[in-house]
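To start, the structure itself, in structure tokens.
A, B, ... follow the sequence lines: proteins, then strands. Residue 1 opens every chain. These values consider heavy atoms only, across backbone and side chains, with no hydrogens, waters or symmetry-generated copies.
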Amino acid sequence: MTYLKKSPWLLHYDASSCNGCDIEVLACLTPLYDVERFGIINTGNPKHADVFVVTGGVNEQNREVIRNIYEQMPEPKVVVAVGICAASGGVFRECSNISGGIDQLIPVDVYVPGCAARPESIIDGIVKSLEILEEKRIQMKERAKQKEQGRSPGGGER
Amino acid sequence: MKPENQELRVIDTAHLIGEVEDYRNKGYRLVNMSCTRAGEEFEISYSFELDLRFENIRIIIPLDADISSISGIYWGAFIYENEMHDLFGVHVRGMNIDFKGNLIRTTVPYSFRNPSFRGEGPCQDR
Amino acid sequence: MISLTNAILFLLLAPIIGGLVSGIDRKLTARMQGRVGPPILQPFYDVGKLLEKENLVVTTSQNFYILSYIVFIVVSGALFFAGGDLLLVIFAFTLAHIFLVLGAYASNSPYSFVGAERELIQIIAYEPMIILSAVGMFMVTKSFFVNEIAASELPLILYLPGVFIGFLMVFTIKLRKSPFDLSTSHHAHQELVKGVTTEFTGPNLAKIEIAHWYENVFLLGFVYLFFAFNPAIAIVAIIVAYLLEILIDNTFSRVKWQLTLKSAWIVAGMMGLVNLGVLYYLAGVLI
Amino acid sequence: MIELPFLIIFPAIAAVLLLFIANETLRNAVVKIAALLIGAGTIYAFFTYFQSGLQLFSVPFEPASQIMFVLELFIALYILYVGIQCRRYLAVLLIIIQSALLIYVESVFVMGIHPEFNLFIDQFSLIMAMIIGIIGTLICVYALRYMQTYHAHHPEIKDRRRLFFFMFFVFLSGMFGLVFSNNLLWVFFFWEITTLCSFILIGYSQTKEATNNAFLALEMNLLGGVAFAGALLYLLYVDPSGQFLGIEQLLTSGYAIALVPAVLIGFAGITKAALMPFSSWLVGAMVAPTPVSALLHSSTMVKAGVYVIVRFAPVYTGTMEGLIIGLVGGFTFLLASAIAISQSNAKKVLAYSTIANLGLIVACAGVGTYKLVWAAILLIIFHAIAKSLLFLCVGTVEHRIGSKDIEDMSGLIVRMPKIAVMMFIGIAGMFLAPFGMLISKWAAIEAFIEAQFGLIFVAILAFGGSITVMFWSKWMGKIISVIPSGEKVEDTVKKEKWFVLYLLTALTVIVCLIFPLISSTLIEPFVMSVYGQTARLSQDNIVIMAMMIFLLMLMPFSLLLYRDGVKHVPAYMGGRPTTTDMRFQGSMGITRETALSNYYFEDYFGEKRLLMAGTALCFGLILLAGVLLTGVIL
Amino acid sequence: MSRQIVMPFGPQHPVLPEPIHLDLVLEDETVVDVIPSIGYIHRGLETLVEKRQFPEYVYIAERTCGICSFIHGMTYCQGIERVMGLEVPERAHYLRTIWSEYSRLHSHLLWLGLFADSMGFENLFMNAWKHREFVLDVMEETTGGRVIQGSCKVGGVRRDIDQDTLKRMNADLKGFEKGLKEMANVFLNDDSVASRLRGVGVLSRNDAYVCGAVGPTGRGSGVPIDARMTGYAAYGELGFSPVVEQDGDCYARCAVRVNELFSSIEIIRQSIDRIPGGEIEVKVKGNPEGEYFSRSEQPRGELVHYVKGNGTKYLARSRIRTPTLTNIPPLVKMLQGCELADVPVIVLSIDPCIGCMER
């Protein structure tokens, strides 16, 4: 089934952004943009989330936090890097404490451009990520099936 | 626009506490503390304000010197002092809340202490 | 005495009704907030998705508690609709909730732990009023059995107006609506992330969600009992009561546990008790 | 009728034997054999009498009463002695008043009186006897190992185990005597014995705190004793021939005479059952070794208090005095439950919960309709089993983890899985459907609605019941929260202890399953014989509850479903790096350990505050009863 | 045995879009200890002065914070202008004032929304953000950016607003104000909101002073600090006074911000009425040499941009002292002894902007 596409739950984390993208992510939830139309909810809890929305680049302190949150999300999951900072570090690329985009740490599926990214493009990015989410779900299911076959006595060697 | 007048006095390190106490007694509030590297020295500025009178005092210390905390006089000063320690490596004695270098963890320790690039020239390549 | 057909109907229909109610709730809430809101079927999509997700747990025993939670919610709901003893139904619901609380405790995470404590506060806040409601119904109809209460010709609401108001109050707590959503739901996340449900993922969360649906249908059934003398009025009453809850949800900020407990006990308890007291001494005259 | 004297006298013989045995192995053997015999005797008595209803017996041994009188004087002298020695003059004063009353009664009236039937047995006595004979002996067996470890852990406390087991068996004997005596003079004698046992056993460790608490218990119990003696005096005054000294005769005499003694004895029962305002002694008694708490202060001795009140329940029915006794019980239930929320010491929680439940039983008995008496007896049974199980679990845990604080029990399910499961069942037995206590509460609610002023009690039950949910479930939550770093410490628990714990756990569940049977064979005939009508749960509900219990027993098997294929991740800590052993990165660069503790709401349910309220309220009620009673007497 | 719960609050926490890190030590629900830690979004952007020429650095300054981005840029420019002795045209000053005040509206509305959310009042959150979109529309129309405008430059502003647009903006404010009044009524007079705010997180006047509270945090405690009184930009020519409340609790801070909304609208009206014609920028020649503490009033309080030029195109030092940084010590004071349920409310009541604070 394709329930995943109809009910993606977000988790937003501000890695080291200037707030511009963050408030635009929030603005998506509010009456003008209202992403709940598409079933999108901001959960605030990695264990419930499907889509990890990261803004801002990686620095020393949040490195482990991002990885930790990513690991606590159940499969299938996608990462959307919102804003130019999350993609490459953006204007802060050369700052003393920034080591670049999110993709150094975790696999990013969709990059949303902009400084700050506009709500329209953020929504677009998330909708794009849903296709990938669906693909990942199918892969996950196949993996599980293979594992199952591997375990059953007639299913070949382990 | 009416530009405001700003006073800046460079004082001796030894007089710091006395001066700050003076400001406190006069009812000034602490606006800011900031550190700047100037050559082989740190300039540390303390800014105070009372009824739109904005005054600064400055001490100049060698890179490895330590200064005494004013957090006993202005309780909130610890946040500046910890920050100064984490970014510049200035040692501050006697802070009321000492984060021991954990207020801001940086990739390079004391990242503001040693400017990596300065002056004219291409800046896009790291 | 107990109707198996009704129990089975409840088993099958309650999730559908509960899901739809929840969907309509979300839609209306969105409209009240000036938004378009999700499709009516959104809760089903959510649960469908959750069932497809991976099951992450802190400890394996969480699964057990949640399974027990939903099983006992379903059992007690079925018991209610089958016409069983109202007090037994209430106690069985408490049992189910204790399982949810234990599931939260089991994970030993600060958020779900505090959520569990708050859930307990909620339980002690609403439970007296629910029991008093059942007692009130008994005093009017002389029976604790749901089927007999439902079959009563007496307009319970006229005898039990105070009890009904008290019940509406705890209804808000039970539905986890603002201002009393202390322990979980989408509102409490500011304090406790997701409270009791923080450590549940995928299928477990789906079970909790479905259990909520069952529970909501049970609660609406409880409202029905007050108006059981006339099913048409009862349906209207249920709708009005639920709309009222949505309205309350949207016009209050969340209160703290102290106020929740105090208001639930004092307001609801007193409303209910005064009502019952009057009924008690007029019993000979009225009934 | 030989069973009854056997049950009364045999434990006393065993006790004397134990007083002289210093060898540990021998003592173990004697205790186990005696326990077995007493248990067997009880069961034998059960099968002999459970169908026969009320039976009265006369004791052929004439001087029995005189011996008791002499023993009573010895007890009084002993108390006088220790009271003066420890400068507890209140105790001295009370024992003097009580003895004076008693001597007066004996010398003026009793000399010529020989009530025909001194012993009796009916289903209610049988129930009590079963509790004493089975649970009591199990606790005795448990105490063997417990006291061994206890002295190993507390070398500073003098080893007086001979005295300990002597008192234990004397106590059993006293309890049997109490429930089998028809003669109130005899009841009074056994009553005093239990008071004495409690006094000595609370003071077992001889620390200052223990001695103080022992005296506190003594004083309050003596206060009840004085009232009891007053009741005897009144009865003999009304009818010097002494025919009303027999409980059975008194109850069937028509209630005009019975009311005054019933209320006085009810007051004695209130002190013994530690209802407010006398609850403090039971809480203080928790300094005693845990088996003492389990035996005396939860499952049996305090039940003697409610036993007499339930006995006299028919007298209370419909009277103002009965209502007041009921209210004292009701408020005690409400307030003691609330206080339990603010306690973290497991034994204190158990103590307050005991007080609360005794209060509930007294509330039922005080109002005293037939349905309520039925519910009260159910409560006595279920409470005795579940509570003794819990006490013994706490005792075992205490010796393994070195604390009886609930906060220290976190992750017990990992560290001591078997004990934790038993504790879980015990706690569930205390407040969850479909277990016993809840059934009784439910029955009580249904019964109260129809009683006079029942609405007050319904409200008390509704609120008190939900409060109960709070403190039990947070304890439950604490023991089942899974901590990954816990190391297993339960291998050292001895097999006797396991045996007792297993048996009690099994009893908790089995009694729930067969309670319809217990009800129909024991409780219903008793209630029927007293009131002429009886209560019972409807068939449907019993079936449903049985189904729920089976479902509950099936649920743990679902864990098998999740054996594999479940991915474990650490708990969510706001995104901070967390290790599996529950540490996370805290502020200032410190690695912190997760610390979780329950809520206690000290400001709302604080012990001091509520105790004061409860004491004032219940004291006022008792005064009111006293005033009413004076009116009746005059 | 201690009855304490250690509860991590943040860095990932639903109440704040930004990471702040507090270790809360609780007894029941009472907070007995708070240990803050920051640094999750420290970028070290002040070091970029080494790599960006001073006119370019405006972009960096603007991105100190995405919420009050315009004021950051403006304050930085004013510092440079002062060091270089540039006379900025009056019209530019007025335009800066107008955008500053729109920024304030945008920021306060955003804050009101989040604040409502922190008390679990979702409807109000949505409402506040709905109003905010009006402000963002004006921003987008006049500068081209919703949250980061890029319209300020050293020596003036980049864009002019034509007279018709100004007139329309003025007219639109009326409807906007009416909507705000309705919403303000809920914040200030609703019982359930008051039950969450009154008496919560009290900061005494003295504490506010000793800890260095600025902006609405200080003004809520009766400390009338408002850097706009120094008369930068066009503020010296406009009539307004700081909004001050005396109680020092969350309600007072909320009331300050709500009333500032109307004060801002008033300032915008005055500015539009009085705006002179003429140039919007001057030519910048040479490099800055000298230092200056440029102060301005951000929505969150007093902002200090310290600039020090050494006669090259690259500044020797830029130091941004943001209001949130100095409001952290008062926050620690306020959190002591509050309840768990109050933590989000109190944290938000200082309107933390972590992005600014850590730079």
Side-chain angles (χ1 to χ4, degrees), chain A residues 11-34 36 42-46 48-49 52-53 55-66 68-69 72 83-85 89-99 114-120, chain E residues 10-21 37-48 50-52 56 59-60 62-69 72 106-107 110 113-114 117 122 125-134 136-137 140 145-148 150 353-356 358-359:
Chain A
L11 174 73
H12 162 238
Y13 183 68
D14 173 359
S16 63
S17 120
C18 69
N19 258 342
C21 299
D22 305 313
I23 54 177
E24 294 294 48
V25 169
L26 270 185
C28 293
L29 305 172
T30 54
L32 189 64
Y33 298 99
D34 186 29
E36 209 190 344
N42 188 5
T43 61
N45 177 0
H48 295 181
F52 188 18
V53 176
T55 54
V58 175
N59 77 4
E60 187 59 26
Q61 283 260 44
N62 64 33
R63 192 176 278 275
E64 290 170 80
V65 178
I66 295 168
N68 184 283
I69 293 176
Q72 290 199 336
I84 195 71
C85 300
V91 286
F92 304 125
R93 190 179 160 72
E94 288 156 283
C95 284
S96 61
N97 210 33
I98 292 286
S99 51
C115 180
R118 296 179 58 89
E120 292 90 337
Chain E
Q12 211 290 316
H13 199 280
V15 73
L16 281 170
E18 304 156 89
I20 185 167
H21 176 153
S37 203
I38 61 171
Y40 283 95
I41 46 179
H42 174 66
R43 288 150 277 172
L45 64 84
E46 289 159 355
T47 53
L48 280 186
E50 299 158 10
K51 299 167 188 171
R52 296 281 182 275
E56 289 173 338
Y59 301 120
I60 308 295
E62 283 200 321
R63 280 161 181 77
T64 311
C65 170
I67 303 176
C68 33
S69 137
H72 271 290
H106 144 56
S107 170
L110 174 136
L114 291 177
D117 192 44
E122 198 181 306
F125 162 66
M126 294 293 180
N127 214 317
W129 281 55
K130 196 166 79 188
H131 289 305
R132 175 175 162 266
E133 290 293 339
F134 165 83
L136 292 183
D137 284 348
E140 195 173 357
R146 272 166 61 88
V147 290
I148 292 183
C353 176
I354 318 297
C356 288
E358 299 185 0
R359 309 175 300 284

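Among A/Ala116, A/Ala15, A/Gly56, the residue making the largest number of heavy-atom pairs under 4.5 Å with chain E is A/Ala15. Contact count against chain E (heavy-atom pairs under 4.5 Å) is highest for A/Cys18 among A/Ala27, A/Cys18, A/Gly20. Counting heavy-atom pairs closer than 4.5 Å to chain E, the top residue among A/Ser16, A/Gly57, A/Cys115, A/Cys21 is A/Ser16.
With rounding to the nearest 0.5 angstrom, the CD atom of A/Glu24 is 6.5 Å from the CG atom of E/Leu136. Residue A/Glu36 holds its CD atom at 7.0 Å from CE of E/Met126, rounded to the nearest 0.5 Å. Separation of atoms OG (A/Ser17) and CZ (E/Arg63) is listed at 11.0 Å; rounding is to 0.5 Å. A distance of 4.0 Å separates CD1 of A/Ile23 from NE2 of E/His106, quoted to the nearest 0.5 Å. Put simply, OG on E/Ser69 and CG on A/Asn19 are 10.5 Å apart, with the number rounded to the nearest 0.5 Å. In this structure, E/Arg132 CZ and A/Leu32 CG are separated by 10.5 Å, a value rounded to the nearest 0.5 Å.
Looking at A/Arg63, neither its backbone nor its side chain comes within 4.5 Å of chain E, counting heavy atoms on both sides. If you measure heavy-atom distances from A/Val91 to chain E, the contacts under 4.5 Å come from both the backbone and the side chain. Residue contact with chain E, scored on non-hydrogen atoms closer than 4.5 Å, involves the backbone and the side chain of A/Leu26 alike. Contacts between A/Thr55 and chain E at a heavy-atom distance below 4.5 Å are absent for every atom of the residue. Looking at E/Leu45, the atoms closer than 4.5 Å to chain A (heavy atoms on both sides) sit in the backbone and in the side chain alike.
Residues A/Pro119 and E/Arg146 are in side-chain contact: their nearest non-hydrogen atoms beyond the backbone lie under 4.5 Å apart.
In this structure, E/Tyr59 has no ring-ring contact (aromatic ring centres under 6.0 Å, His included) partners at least two apart in sequence or on a different chain. Under the rule for a side chain to side chain donor-acceptor pair (under 3.5 Å), E/His42 has no partner lying at least two apart in sequence or in another chain.
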